[in-house]
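What follows is a set of notes on a single structure, which appears directly below.
Note that ligands are numbered from 1 as they come in the structure, with each ligand's atoms numbered from 1 the same way. Heads up: numbering here begins at 1 and tracks the sequence.
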Amino acid sequence: MRGCWDDSAVQGRDVAGGPRPRRRGLRSGQLEHGPRVEEFEAVLGRRLGNPRVATVNCGTSGLHLALSLFTGGPEAAATPDDPGEVLATPLTFEGTNWPILANGLRVRWVDVDPHTLNADLADLERKIGPRTRAIMLVHWLGYPLDLDRLRGIVDRAERRLGFRPPVIEDCAQAWGATYRNRPLGNHGNVCVYSFQAIKLLTCGGGGLVVLPDEELRRRAVLRRWFGIDRRADRVHGDYDVAEWGFRFPMNDTAAAIGMANLEIVEPLLARHRENAAYLDKELAAVPGVELTERAPDREPSFWAYPLKVEDRDGFMRRMTEAKIMTSLISRRNDAHSCVAAYRTDLPGLDHVYDRVAYLPVGWWLSEDDLGHIADTVRAGW
Ligand SMILES: *Cc1c(COP(=O)(O)O)cnc(C)c1O
């Protein structure tokens, strides 16, 4: 029978039943769920050193899915009881934090460490409490959080509270970053990468959830597609959904693009790091400029290059005049109207927010570009 339930007409058998050569990619008839996604997952798992991965259609849905593994999703959160809160960092792209709201949870802001621009872990420890459902942190610009210290904090919280708050790491800007010689995704937490168009490893649009154990991986794979087990025999629709899920799968076209980019990503990452090392050397002693932390136990990915500068507006104006792209990347997330109810004192962020600027540092810069950036900053503003 040839119909919309019968894939055979497009998957390599013609109506007469004879075999046809297998077609790959765009002509395979499997533009969405197909073999490329599984290949891509296997390769990504090997690259990260953790095979417990699940691709998704973007980083934001990965974060949404990750959080839902620990909250039971919007239904559970919508009970009249307090849904609980997620400890979160305000200095990030909104994609880190809006999944907290989408899961029906409250945000509790953790202050920012002016040295790293990541969450202030001392403040995090003070704020973990009986209402903490999860901890959602970012490796901002791909600078890894101190994950061993974080684990110690969560260990102590577990002893104090009698439960262990799950940690989700937003690694969207951190492809290639390592902490103590291991890629992010190997430190006991749930990690989420983004393969969006402007990320280092891109497949147009896509993401990856990396899980610390097999049971969480199994649940993540089910929840990314309605809670339906795509591998099980589903003849006549006779199957059960135990835990409902979303429609977040990566498509085969994106996976094919991602596979091709994965082959070239290492030298690009190396360029980001070399460019950052050059700027570190050239800018460290410039008056009015302060670099962020460079701890010896981690290798950042340098998605962008952060600087703390005096007279930030003047600095940005001067850069723009010199045709050097600067941007604030994102507004501090706690300042948005939609989260006004969660505002709180954040002295660390207040201290640094008006001084941070970001410079380009990516693989696309030529030696002349880098020299021009260094000369312009050194000449003052
Ligand atoms: C890009 C980004 C996201 C969102 O990823 P998408 O794949 O675009 O959904 C989330 N968090 C951070 C820090 C990002 O940079």
* Asked: Any luck finding a side-chain donor-acceptor pair between Y278 and E367 under 3.5 Å?
  -> no
* Under a 4.0 Å heavy-atom limit, does I198 contact ligand 1 with its side chain, its backbone, both, or neither? -> neither
* Structure fact -> Ranked by distance from atom 1 (C) of ligand 1, the top protein heavy atom is K199 NZ, 1.5 Å
* When you look for heavy atoms under 4.0 Å from ligand 1, do you find them on the side chain of T60, its backbone, both, or neither? -> both
* Is the shortest N/O to N/O distance between S61 and ligand 1 below 3.5 Å? -> no
* Pick one: which of T92, T89, N97, T96 meets side chain to side chain donor-acceptor pair (under 3.5 Å) with N333? -> N97
* To do: Could you tell me which atoms of ligand 1, counted from 1 in the order shown, lie closer than 4.0 angstrom to a heavy atom of T92?
  => 13 (C)
* Asked: Quick one: does Y239's side chain get under 4.5 Å of D229's, heavy atoms only?
  -> no
* Do R230 and V221 touch side chain to side chain, with heavy atoms closer than 4.5 Å? -> no
* Option of least heavy-atom distance to atom 13 (C) of ligand 1 (set: T89, V56, D170) -> D170
* Does some non-hydrogen atom of E94 fall short of 4.0 Å from ligand 1? -> no
* Cationic tip of R224 within the cone over F248's six-membered ring, i.e. under 6.0 Å and within 45° of the normal? -> no
* Asked: Taking the six-membered ring for Trp, are the ring centroids of H272 and W175 within less than 6.0 Å of each other?
  -> no
* Heteroatom distance test (Q173, ligand 1): nitrogen or oxygen, under 3.5 angstrom -> yes
* Structure fact -> Looking only at protein heavy atoms, what sits closest to atom 5 (O) of ligand 1 is S194 OG, 3.3 Å
* Asked: Atoms of ligand 1 less than 4.0 Å from Q196 heavy atoms?
  -> 1 (C), 7 (O), 8 (O)
* Contact atoms of ligand 1, heavy-atom distance to G59 under 4.0 Å -> 5 (O), 6 (P), 7 (O), 9 (O)
* Quick one: does ligand 1 sit under 4.0 Å from the side chain of C58, the backbone, both or neither, non-hydrogen atoms only? -> both
* To do: Please examine the side chains of V56 and V209, heavy atoms only from C-beta on, and report whether any two atoms are closer than 4.5 Å.
  => yes
Would you give me the side-chain donor-acceptor pairs under 3.5 Å for residues 183-193, sequence neighbours excluded?
from : atom 1 : to   : atom 2 : distance (Å)
N186 : ND2    : L48  : O      : 2.8
N186 : ND2    : P183 : O      : 2.9
H187 : NE2    : Y179 : O      : 3.3
N189 : ND2    : E169 : OE2    : 2.7
Y193 : OH     : L184 : O      : 2.6

